[in-house]
Amino acid sequence: MKVWFNPSKAIESELSAIAAETEGFGADFTPGVRPADPKFGDYQANGVLGFAKKNGVNPRELGQKLIDAAITSGRFDPEMVELSLAGPGFINFKLSPAFIWQWQLDFSTKADYQSGAKALKGGRKIIIDYPSANTAKQAHIGHLRPMVIGQAIARLLDFCGANLVRDNHIGDWGTNFGTLIMKIKRDGIDLSSLGDDALVTLDQLYKDGSALETEQPELRDISRNELVLLQNGDPENTAIWQQIVEISKVAFDKLFAQMGVEVDITLGESFYRDKVDRIYDELSEIGLAEESDGALVVWHDEVKKFARDNERPYPFNIRKSDGASNYASTDLATILYRLEEFDADEVIYLTDARQQDHFQQLFLTTKKWFQAKGYKLPELSHVFWGTILGADKKPFKTKSGESIKLQELLDEARSRAFDVVTEKNPDLSEAERHEIAESVGVGAMKYADLSSNRTQDYVFSWDRLLSFEGNTAPYLLYAVARINSIFRKVGVDPEAPIEGASQLETDTEQALARKLMGFVTALELTLNDLRPHFLCTYLYELTSAYSSFYNADKVMVDDDAVKARRLILCARTRTVLKTGLELLGIKPLERM
RNA sequence: GCACCCGUAGCUCAAUUGGAUAGAGCGCCUGACUACGAAUCAGGAGGUUAGGGGUUCAAGUCCCUUCGGGUGUGCCA
């Protein structure tokens, strides 16, 4: 029996082909195949309903006609799949136990699953812009989501065949450097002698500098002048700036290693400082940019809120009235660079939801600009997320007005997980308990952030981020650990082929096997609009099916054929869970 | 003022983008360790999807409206 790797897609295309040759349908008919509620079958097609309505025919009759044609065509082997008409005109597809079992035998390794997924992004050159933190600032709770969501999306794209460049577009050229340099010079600070806590000191120096400016407004002129000096290449200020950037990079690298953030290139805003003039020239030359109140701006009259005749005008400001560049100028220069240097097919930006207007303006501007110049326009998308809020529903701050430091969150995660593992498994060595706590604690934190729809805001709570029960990373990790434990006891390599298995019998075996087939569909759905929570939901459901199976059907039984088939299910579950966890940036464990 | 987003079980969230009887976790109640790891499993109670109107064979999802909350709104990024 030849089974479909991706039944949902296979059914869709077979049915389309059959409909094209069947009277009453047409080329504009789409079957609309999707996974179904298990009580109806494995997949359902609901395209007949809308199509029948549009053409004024009875949907049940039309559905039956399609089923008959499908069976006559011979493309739907009755040994593999059973078709039936239901309700107002749904077509249900129920895969046979033989199909489901054969699927487990044919597709078994991570490489098999990956080869099925590779077509999804097949060789596309994708630049992903993340995590793009600012220099000279300690990472706080607000940096959690870019790092966690960004790495999961990057790993997904990579797994699904993208030719990926992770670009850390750091903010290293902002106006804050004026204040920072002013304060550093005023206090005579030697940046090279700050040691391990250099970033903490820089963070404090900036805060103190800002406070000082509030007290003594005349200092603002000094700061502004320091910035101008820096931008004009003054050697002393450039040297200070380089040290600040270097200190930040060292701190980033340390944090990235803890968070599992991978970066391919780091080209900050400063990299584009000599590339913005071309932007001003080109946008002016094609008549897109114009002067307004001394600044260079772009209007988008076709979008109401960006139109020039609004009561409160809202242009895309690409050069400040003092002649300096800003966020918009460097972003435009960056897109051009990504086209010319990397030949990008797609650019994905990751920021919080509050920047939606900026990206809408950026994309509109780029589209018109590239069209006028005849440049190839990459697909541009803005992947955004909601804010982490405090109990007052405002962006989260502690009582003293500070944000929680990301390092503090990581330490708390490890510490809580260490306590739990020590309680559950006191016999493990301390070193191993620390390793487990790392994966469980940090994994729980990441999973908590990934498992709900990223566009929603949520209220911060330690228990929310560091829960270890229910739909959490430890639940998934625990299932992997139990599978590993079985293979250790049986003395079999979970990666090795298992022979002599009999067909599936119990309901729990079959439910698990069906769930295993859904991995690629889950990846597709996740990739569709880059929402990792779809993958989380799938992995949770898979684990739940495994846990039911584990409790109902003993693996280590005397009957070798039964043992073999259950070991196969364990091995497949282990592979999918490990692969899925790695995609989410969570490290699977041998034991916990 | 204008624009956009949100409101689902006591709490935290799903719902494959318009599909069949709205699902999970936590908490609560009842059971299962002399069975491969109980960080688990089996079961139960808990809903007028903020209110009202409309479109549709079909609405938590689309449209209108009221109420409640959030975000953005010219030189920060």
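Small disclaimer: the values here were computed from a predicted structure and weren't measured. Order of the sequence lines sets the chain letters (A, B, ...), proteins ahead of strands, with each chain counted from 1.
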### Message
With a cut-off of less than 4.0 Å, is there a side-chain N or O of A:Tyr538 near OP1 or OP2 of B:A15?
### Response
no
### Task
Give a yes/no answer on whether the side chain of A:Arg482 brings an N or O atom under 4.0 Å of OP1 or OP2 in B:A38.
yes
## Note on the structure
For A:Trp173 and A:Arg273 the tightest heavy-atom approach is CZ2-CD, 3.2 Å
### Query
Can you find a donor-acceptor N/O pair under 3.5 angstrom joining the side chain of A:Thr472 to the base of B:G25?
no
### Message
I'd like to know if A:Glu269 reaches the base of B:A77 with its side chain, counting only an N/O donor and acceptor under 3.5 Å.
### Response
no
The side chain of [X] is closest to which nucleotide in this list: [options]?
X	options	answer
A:Arg312	B:G70, B:U73, B:G19	B:U73
A:Asn453	B:A20, B:A15, B:A77	B:A15
A:Phe40	B:A39, B:C76, B:A20	B:A20
A:Glu469	B:C26, B:C41, B:A14	B:C26
A:Asp357	B:G72, B:A20, B:A14	B:G72

### Distance-only polar pair, side chains of A:Arg531 and A:Asn453, donor-acceptor under 3.5 Å
yes
Using atom [atom1] in both nucleotides, what's the gap between [N] and [M] to the nearest angstrom?
N	M	atom1	result
B:U48	B:G10	P	8 Å
B:G27	B:G53	P	39 Å
B:G47	B:A24	P	15 Å
B:U61	B:A9	P	15 Å

### Query
Below 4.0 angstrom, N of the basic side chain to O of the carboxylate: do A:Asp221 and A:Arg224 qualify?
yes
### Message
Just to be sure I understand the rule, does A:Val557 reach a base, reach only the sugar-phosphate, or reach nothing, if contact means heavy atoms closer than 4.0 Å?
### Response
nothing
### Query
If you look at every strand shown and take non-hydrogen atoms under 4.0 Å, does A:Phe90 touch a base, only sugar-phosphate, or nothing?
base
### Query
For the side chain of A:Tyr538 and the backbone of A:Lys515, is there at least one donor-acceptor N/O pair under 3.5 Å apart?
yes
